[in-house]
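Because only heavy atoms are used, hydrogens play no part in the values below, and waters and symmetry mates are left out as well, while side chains stay in. One-based numbering, in listed order, for ligands and for the atoms of each.
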Amino acid sequence: MATLQIDQLRSNVRGPIVLPGDSTYDAVRQVYNAMIDKRPAIIVRCVDVADVMAAVEFARANSLLLAVRGGGHNGGGLGVCDDGLVIDLSLMRHVRVDPQARVVDVAGGCVWADVDHATHAFGLAVPCGFISSTGVGGLTLGGGIGYLTREYGLTIDNLLSADVVLADGSFVTTDADRHPDLFWALRGGGGNFGVVTSFRFKLHPVKTVYAGPTFWPLEQTAEVLAAYRDFIVRAPEHVNGFFAFLTIPPAPMFPEHLHMRKVCGVMWVCTSPAPEAEAATRPMRSVGTPLLDHQGDMPLPAVNSLFDGLYPPGLQWYWRADFVKELTDEAIARHATFGAALPTMHSTMHLYAIDGAAQRVGRDETAFSYRDANWAEVIVGVDPDPANKEAITSWCKNYFDALHPYSAGGAYVNFMMDEGQERVQASFRDNYARLSEIKMKYDPGNLFRVNQNIRPSSVAVGSGS
Ligand SMILES: Cc1cc2nc3c(=O)[nH]c(=O)nc-3n(C[C@H](O)[C@H](O)[C@H](O)COP(=O)(O)OP(=O)(O)OC[C@H]3O[C@@H](n4cnc5c(N)ncnc54)[C@H](O)[C@@H]3O)c2cc1C
């Protein structure tokens, strides 16, 4: 990039501009997954909406590849790119709670810890994800699955409005009445339609939850997973629990004799008072012979950040995912085989329940299509050591290949790597055609393409909404 052009950009933005060779360049370009090593030409660390507008305009005018970074957690590294311009939103972290109206405004670069911190003070919460360092931006725009999904829906089901900088550099606020097509597309369609500089969410009265794990020996997987399958979809919605294969980490909170033991388990989070939650989960916790069964009252932010320490930034990650409608005994047998072969301590498989409130939204009411799935399955190979890259990747791929025939077909976009157009389309199913038309309307040149990309339809769309 010519110095003159960079100087021009500098004069239009208030946030720092980071270039190759700058002392902060390597730190700023780094995303959560250490397998990703991309080298952008320019990183604009936006501090306000005007910065975002200027950066979008600059990327478009100079035909630069454009990536938008929220929390930087995306497994496939979609918050950064080689050679192009990165809009880094991580300095935009303002949160404002309106406790009377029970809404919260969240700046586009926040992570969920920012939101939890601000809302918990009022005994309120937004349904978010299982790790608090994940970005609000990427998680929300893909859907948003977490402990409160069964009771209060996906994160997008709680989105009331969004401020968006569009591909032409203009700014709109969208909600159910203003640009409703854009609002529909943002709820599941990822970062394809613009840069969201602020999200407004509905809040729910959740402060303390009854939470903790039950672990069983791997030998009991078939019995436990079959029981979980039947239990969770019939459980009251104040009960949530995801199924996992994991290695018990050598942390003081676990008995020493269980350290590094591979197990299967359920991580419970219930919003009901302890006696009710204990009674509601007891039938499942009584299956087989648990190795450990420990729940208690915890503040929601503590639960949402329970795994943060185990999964700090800088590990190697490789994921594969699918939606699941039914878990057959045959699929469970395959799970048992791969669960027993977890390649490293951090590697895991989670089955997140996405029934309940999430299923009460129709499959065409938002861009998120898989409202008929009961679980989002994610297989993750993780390890600190790059030397284990091959081991975690091949375990993950083989596991996925073995289970994919039992899946609903598509995957949650936020759990996908760069897997090609066919997989993107499978995730949106019959919503893809509408998404593609809305993309044509708001981003005909596909400026926002560092994402699970929705291609603009070639047919021009009328101005409509
Ligand atoms: C450890 C870990 C735990 C996770 N847990 C969960 C979970 O519990 N539930 C769940 O649903 N998902 C979960 N995810 C997946 C997560 O939702 C995705 O990785 C998501 O893309 C992360 O968002 P981000 O903003 O941190 O990512 P980034 O890498 O910054 O961005 C990801 C994508 O979103 C776009 N984007 C981000 N912010 C904006 C914005 N403000 N405007 C426009 N586009 C934007 C980017 O352009 C990019 O395409 C987890 C991921 C990790 C690594």
Side-chain angles (χ1 to χ4, degrees), residues 30-36 38 46 49 52 56 66-81 86-90 92-93 106-113 127-149 154-156 162-167 185-186 188-199 240 242 267 269 303-319 321 346 348 350 352 354 358 368 376 378 380 382 411-418 424 443 447-454:
Q30 187 56 56
V31 290
Y32 182 82
N33 181 0
M35 248 187 222
I36 310 294
K38 299 210 165 146
C46 298
V49 176
V52 176
V56 166
L66 173 64
V68 178
R69 177 193 173 144
H73 258 227
N74 189 269
L78 296 174
V80 65
C81 61
V86 173
I87 291 182
D88 175 3
L89 299 170
S90 64
M92 293 173 62
R93 301 278 280 269
V106 178
C110 284
V111 299
W112 284 104
C128 61
F130 302 93
I131 291 201
S132 78
S133 54
T134 308
V136 172
L139 182 138
T140 301
L141 295 170
I145 295 168
Y147 292 120
L148 301 181
T149 300
L154 302 173
T155 306
I156 47 170
D163 291 348
V164 192
V165 175
L166 300 174
L186 285 184
N192 274 281
F193 303 94
V195 186
V196 178
T197 52
S198 186
F199 297 87
N240 202 327
F242 71 80
M267 174 63 194
V269 169
V303 175
N304 284 339
S305 55
L306 214 53
F307 297 101
D308 290 16
L310 185 63
Y311 293 107
L315 306 180
Q316 307 278 313
W317 284 72
Y318 192 88
W319 327 52
H346 292 84
T348 187
H350 291 174
Y352 299 124
I354 52 170
F368 187 101
V378 63
V380 264
V382 191
Y412 176 37
V413 282
N414 274 345
F415 290 158
M416 280 166 46
M417 302 297 276
D418 187 358
V424 175
D443 183 15
L447 181 67
F448 300 109
R449 62 182 177 279
V450 181
N451 44 41
Q452 299 298 350
N453 194 228
I454 293 157

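A tilted orientation is assigned to the rings of H350 and F307, their planes being inclined by 30° to 60°.
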Could you go through residues 309-318 and list every donor-acceptor pair under 3.5 Å that involves a side-chain atom there, pairing it with any protein atom two or more places apart or in another chain?
residue, atom, partner, partner atom, Å
Y311, OH, H346, O, 2.7
Y318, OH, R320, NH2, 2.9

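Protein residues having at least one heavy atom under 4.0 Å from any atom of ligand 1 are Y32, V68, R69, G70, G71, G72, H73, N74, L78, G79, L89, G108, G129, F130, I131, T134, G135, G137, G138, L139, L141, G144, I145, G191, G194, V195, V196, W317, W319, Y412, N414, F415, V450, N451, listed by chain and number.
V382 has its side chain out of reach of T348: every pair of non-hydrogen atoms, C-beta onward, lies at least 4.5 Å apart. F193 has its side chain within reach of I454: a pair of non-hydrogen atoms, C-beta onward, lies under 4.5 Å apart. Taking the side chain as every heavy atom from C-beta outward, D443 and N192 never approach each other to under 4.5 Å.
For the 3.5 Å distance criterion, the side chains of D308 and S133 fail to qualify, holding no donor opposite an acceptor.
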